[in-house]
A.B. asks: 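Below is the structure I would like to discuss, written out as structure tokens.
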Amino acid sequence: MVIQRWQTVFLLIAAICMALVSFLSLGNGTLACGDHGSVTALNFQPLFIVNILVTILLIIDIFLYRNLGLQKKVALISVLLELVSIIIIVILMLPSLGYILEMSWTATLPVPALILTILARSRMAADERLLKSYDRLR
């Protein structure tokens, strides 16, 4: 019996996406001190903390392949935190706040990370169903 580890690839790419969001520019806008310049997640501590936490959880999740139940739970927590990251970025782009005036391509990376994490979780569920079907055959 061979289980394809597609979820590992999906989780790794999602972790890379979230790491890029953490350290690269989200766009141009107003910094906390009032100056205009390149806005990063480091300028907004809650966003940076959420992004780093998601990155760490996704990397840890890759190595939880021996416990599918726990791996699925960690992936679900990562999905929820990725949604929080997306919401924070959208709030920062609101015209009334004006923090991010011109969006960079890195500001869109939490969406592919969210999709990849959901795909990884569905592959985990498929593996779990496959293992249960083999257990029934024994």
A.B. asks: Going only through I, L, V, M, F, W and Y residues with side-chain contacts under 4.5 Å, is there a path from I49 to L80?
C.D. replies: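 No, it is not one cluster - the side chains of I49 and L80 are not joined through contacts under 4.5 Å.
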
A.B. asks: Say whether L81 and F23 are linked into one hydrophobic cluster, either directly or through other cluster members, by side-chain heavy-atom distances under 4.5 angstrom.
C.D. replies: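 Same cluster: L81 reaches F23 through Ile, Leu, Val, Met, Phe, Trp or Tyr contacts under 4.5 Å.
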
A.B. asks: Taking all atoms of both residues into account, what is the closest heavy-atom pair of Q7 and A120, and its distance?
C.D. replies: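 For Q7 versus A120, the nearest heavy atoms are CB-O, 3.5 Å.
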
A.B. asks: About how many Å separate CH2 of W6 and OG of S122, when rounded to the nearest 0.5 Å?
C.D. replies: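 Between atom OG of S122 and atom CH2 of W6 there are 12.5 Å.
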
A.B. asks: side-chain contact (heavy atoms from CB on, under 4.5 Å) with A107: which residues, sequence neighbours excluded?
C.D. replies: L26, I89, M103

A.B. asks: Are R5 and D127 packed together at the side-chain level, in the sense that at least one heavy-atom pair is separated by less than 4.5 angstrom?
C.D. replies: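 They are in side-chain contact.
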
A.B. asks: Under the rule for side-chain contact (heavy atoms from CB on, under 4.5 Å), what residues qualify as partners of I13, not counting sequence neighbours?
C.D. replies: V9, C17, L116

A.B. asks: Looking at A14 and T117, what are the two nearest heavy atoms and their distance?
C.D. replies: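 Heavy atoms of A14 and T117 come nearest at CB-OG1, 3.7 Å.
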
A.B. asks: Quick check: closest heavy atoms across V74 and L57, and the distance to 0.1 Å?
C.D. replies: CG1-O, 3.7 Å

A.B. asks: To the nearest 0.5 Å, how far apart are CZ in F48 and OG1 in T40?
C.D. replies: 8.5 Å

A.B. asks: Does one hydrophobic cluster hold both I56 and V50, with members joined at side-chain heavy-atom distances below 4.5 Å?
C.D. replies: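 The answer is yes; both residues are in one hydrophobic cluster.
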
A.B. asks: Once rounded to the nearest 0.5 Å, what's the spacing between atom CD1 of I52 and atom CD of Q45?
C.D. replies: 10.5 Å

A.B. asks: Do F44 and V39 have side chains that approach each other closer than 4.5 Å (heavy atoms only, starting at C-beta)?
C.D. replies: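 Yes, close enough: below the 4.5 Å cut-off.
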
A.B. asks: Please collect all side-chain hydrogen bond (donor to acceptor under 3.5 Å, both in side chains) contacts where either partner lies in residues 15-28, sequence neighbours excluded, each pair once.
C.D. replies: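 Sorted pair list: S25-S38.
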
A.B. asks: How would you list all residue pairs meeting salt bridge (charged side-chain N to carboxylate O under 4.0 Å, His left out) that involve residues 68-79, not counting sequence neighbours?
C.D. replies: K72-E128

A.B. asks: Test of understanding: with side chain to side chain donor-acceptor pair (under 3.5 Å), list the residues that count as partners of S85, not counting sequence neighbours.
C.D. replies: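 With neighbours one apart ignored, the set is N51.
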
A.B. asks: Do you know which two heavy atoms are closest between R121 and L76, and how far apart they sit?
C.D. replies: NE-CB, 3.7 Å

A.B. asks: Rounded at 0.5 Å granularity, tell me how far CZ in R123 sits from CG in L130.
C.D. replies: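 Nearest 0.5 Å value for the CZ-CG distance: 9.0 Å.
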
A.B. asks: In this structure, would I100 and W105 fall into the same cluster of hydrophobic residues linked by side-chain contacts under 4.5 Å?
C.D. replies: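 Cluster IDs for I100 and W105 match.
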
A.B. asks: Heavy atoms only: give me the nearest V54-M18 pair and the separation to one decimal.
C.D. replies: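 Closest heavy-atom pair between V54 and M18: CG1-CG, 3.7 Å.
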
A.B. asks: Distance-only criterion, 3.5 Å: show the donor-acceptor pairs between side-chain atoms of residues 58-71 and protein atoms not counting sequence neighbours.
C.D. replies:
| residue | atom | partner | partner atom | Å |
| --- | --- | --- | --- | --- |
| N67 | OD1 | L70 | N | 3.3 |
| Q71 | NE2 | D61 | O | 2.9 |

